[in-house]
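The structure appears below as structure tokens.
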Amino acid sequence: MKQFFTNTLLEWNKNENTRSMPWKGEKDPYRIWLSEIILQQTRVEQGWAYYEKFILNYPTVKELAAAPEEAVFRLWQGLGYYARCKNMLAAARQIVSAYHGHFPNTYETIQSLKGIGPYTAAAIASFAFNLPHAVLDGNVFRVLSRFFDIDTPIDSTAGKKQFAELAQELLPHGLSASYNQSIMDFGAVVCKHQQPACHTCPLAGKCKAFQLGLTGLLPVKAKKLVIRKRYFYYLVLQYKDQVFIRKRTESDIWQNLHEFILIEAPAPEDVTALQSTAAFKNIMKDIRYNTDAVSGTFKQQLTHQTIYSQFLMLSVSKKPEMPGYMAVPRNQLDHYAFPKTITDFLGNRELTLF
DNA sequence: AATGCGGGGTA
DNA sequence: TACCCAGCATT
């Protein structure tokens, strides 16, 4: 059964796998690493252009390590999960300082780098160095849970352990790179989450989930997502050609990205009423300002939050004290990284905002 | 062991 | 709307 499973996947990869990607077959560990960080929880099509941008701007790990943080974040802007960007830059600097710019070549040293966990370490170890470590990503969970009919929740500790051990047992000797590539592509192309192609699947004959009609029920997840709503009111405060922004530093969404002056309300608020709240007065104090315009509501759906944002364009004729915020010329805003909802606003308004 | 972190695609 | 995507760090 094990032999059938691995051989079938390797054969499928050799003869029928048409999934092409810029980093496939890549042997440079730096490029493999870059692609793996970008692709964490991210679809291949979504990460593709970002990979190309990063390779173009930073062809080697030394160049990435030497880059200013703000420039790297600006390249990452729009991709999400921004801690990846922060950790990636830290890891690049680790590689230069501790390994003289040579990518570490054991599973343990690879995983010791910032932002690299079990999956990414196995991916780099196998693809770059053909080391015998099985990858365990969303695709592998799905393929294994279905073929072997395993209903242990994949988001439980027991599940992760069970699937990791099975994946490692299945890894064919000396073929780590091609086998890991095979099973992930197979999960993405054939054994898909929705509408798996069981009618043409070369594993279907021995797939337990297919035989039992359980493909729609596997893999199992134990936890259900709770989504909370948040209401952001941004004061786009302008003085001459400058606008006030700050970097988000709290342990919250969009850490290390920039934003305008934020008032978060516990519930939807009328923007006129907002201007007489304590929160607003605490920021604007007795500053004389003019309300030039008010935007509509921008909605952004994150995985576990829904953000409703509205932008108030305020202008002042005297430069105010605004602790924690910096006044930046509007033509330099593109040096800073912003969350999607703000780049949407800027894109929609840039002709009329200033 | 549980929670939080983006943005986009699909049904 | 609900779920998922070449997961990881933090608590």
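In the text below, chain A, chain B and the rest are named by the order of the sequence lines, each starting its count at 1.
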Q: Report the distance from atom CG of A/N180 to atom P of C/dA6, rounded to the nearest whole Å.
A: 14 Å
Q: Look at all strands and tell whether A/E45 reaches a base, only sugar-phosphate, or nothing, counting heavy atoms closer than 4.0 Å.
A: nothing
**Q.** Pair A/D151 + A/R146, salt bridge at N-O below 4.0 Å
**A.** no
Q: Respond yes when some side-chain nitrogen or oxygen of A/R43 is under 4.0 Å from OP1 or OP2 of B/dT10, and no when none is.
A: no
**Q.** Single-linkage hydrophobic cluster, 4.5 Å side-chain cutoff, A/F210 and A/F186 together
**A.** no
Q.
With a 3.5 Å cut-off and heavy atoms only, can you find an N or O donor on one side and an acceptor on the other between the side chain of A/Y119 and the base of C/dG7?
A. no
Q.
Just to be sure I understand the rule, does A/N87 reach a base, reach only the sugar-phosphate, or reach nothing, if contact means heavy atoms closer than 4.0 Å?
A. sugar-phosphate
(Q) A/H133 and ring-ring contact (aromatic ring centres under 6.0 Å, His included): which single residue from A/Y179, A/Y107, A/Y119 fits? (A) A/Y107
Q. Does A/K221 put a side-chain nitrogen or oxygen below 4.0 Å from OP1 or OP2 of C/dA2?
A. no
Q.
Quick check for you: among C/dC8, B/dG6, B/dA11, whose closest atom lies nearest to any side-chain atom of A/Q40?
A. C/dC8
Q: Starting at atom CG of A/L217, determine the distance to atom P of C/dC3, rounded to an integer number of angstrom.
A: 13 Å
**Q.** Donor-acceptor pair between A/Q301 and A/T306 side chains, under 3.5 angstrom
**A.** yes
Q: Ignoring backbone atoms, establish whether A/S156 has a side-chain N or O less than 4.0 Å from OP1 or OP2 of B/dA1.
A: no
Q) Are any of A/R142's side-chain N or O atoms less than 4.0 Å away from OP1 or OP2 of C/dC4? A) no
**Q.** Spacing of A/K299 atom NZ relative to B/dG7 atom C1', expressed in whole Å
**A.** 14 Å
(Q) Between the base of B/dG7 and the side chain of A/Q46, is there a donor and acceptor pair under 3.5 angstrom? (A) yes
Q) Given the P atoms of C/dT11 and B/dG6, what is the spacing between them in whole Å? A) 15 Å
**Q.** Distance-only donor-acceptor test, A/T303 side-chain atoms vs B/dG7 base atoms, 3.5 Å
**A.** yes
Q.
For a quick check of understanding: with a heavy-atom distance under 4.0 Å over all strands, which category does A/M21 fall into, base, sugar-phosphate or nothing?
A. base
Q) Which residue lies toward the 5' end of DNA chain B, A/A83 or A/Q194, if each is placed at its nearest nucleotide? A) A/A83
Q | Which residue lies more 5' along DNA chain B, comparing A/K340 with A/Q305 via nearest heavy atoms | A | A/Q305
Q: Take the protein atom CD of A/Q255 and the nucleotide atom P of B/dG6, then report the distance between them rounded to whole Å.
A: 9 Å
Q.
Side chains of A/S112 and A/T109: any donor to acceptor distance under 3.5 Å?
A. no
Q. Yes or no on ring pair (Phe, Tyr, Trp, His ring centres under 6.0 Å) for A/W23 and A/Y51, after CA distance, side-chain angles and deciding distance?
A. CA-CA 9 Å; A/W23 48 84; A/Y51 173 80; 5.1 Å; yes
Q) Which nucleotide, B/dG7, C/dA6, B/dA1, lies nearest any side-chain atom of A/T157? A) B/dA1
Q. Which part of the nucleic acid does A/G78 contact within heavy-atom distance under 4.0 Å: base, sugar-phosphate only, or nothing?
A. sugar-phosphate
**Q.** Residue whose nearest DNA chain C nucleotide is more 5′ - A/K24 or A/I227
**A.** A/I227
Q) Over how many whole Å does the gap from A/I183 atom CD1 to C/dC5 atom P extend? A) 13 Å
Q. Closer to the 5' end of DNA chain C via nearest nucleotide, is it A/E36 or A/K224?
A. A/K224
Q) Can you find a side chain N or O atom of A/Y82 that sits less than 4.0 Å from OP1 or OP2 on B/dG7? A) yes
(Q) With a cut-off of less than 4.0 Å, is there a side-chain N or O of A/Q41 near OP1 or OP2 of C/dA6? (A) no
**Q.** Pairwise distance OG(A/S309) to CZ(A/F298) - rounded to 0.5 angstrom
**A.** 8.5 Å
Q: Using a cut-off of strictly less than 4.0 Å, decide whether A/T120 has a side-chain nitrogen or oxygen near OP1 or OP2 of C/dG7.
A: no
Q: With heavy atoms under 4.0 Å as the rule, sort A/L79 into base, sugar-phosphate or nothing.
A: base
Q. Does any donor-acceptor pair link the side chain of A/T42 with the base of B/dG7 at a separation under 3.5 Å?
A. no
Q. What distance, rounded to whole Å, do you find between the two P atoms, one in C/dA6 and one in B/dG4?
A. 24 Å
**Q.** Separation of atom CD in A/Q111 from atom P in C/dC8, rounded to whole Å
**A.** 8 Å
Q: Return the value, rounded to whole Å, for the distance between atom CD1 of A/I253 and atom P of B/dG4.
A: 13 Å
Q: May I ask you to evaluate whether A/W254 reaches the phosphate of B/dG7, defined as a side-chain N or O under 4.0 Å from OP1 or OP2?
A: yes
Q | Sugar-phosphate, base or nothing in reach of A/W33, heavy atoms under 4.0 Å | A | nothing
Q: Ignoring hydrogens and angles, state whether a donor on the side chain of A/T8 or A/E11 is under 3.5 Å from an acceptor on the partner side chain.
A: no
(Q) Any base atoms under 4.0 Å from A/Q77, or only sugar-phosphate, or nothing? Heavy atoms, all strands. (A) nothing
Q: Send over the distance from A/M88 CE to B/dC5 C1', rounded to a whole Å.
A: 16 Å
Q. If you look at every strand shown and take non-hydrogen atoms under 4.0 Å, does A/H193 touch a base, only sugar-phosphate, or nothing?
A. sugar-phosphate
Q.
Heavy atoms only, 4.0 Å cut-off, all strands: where does A/R228 land among base, sugar-phosphate and nothing?
A. nothing
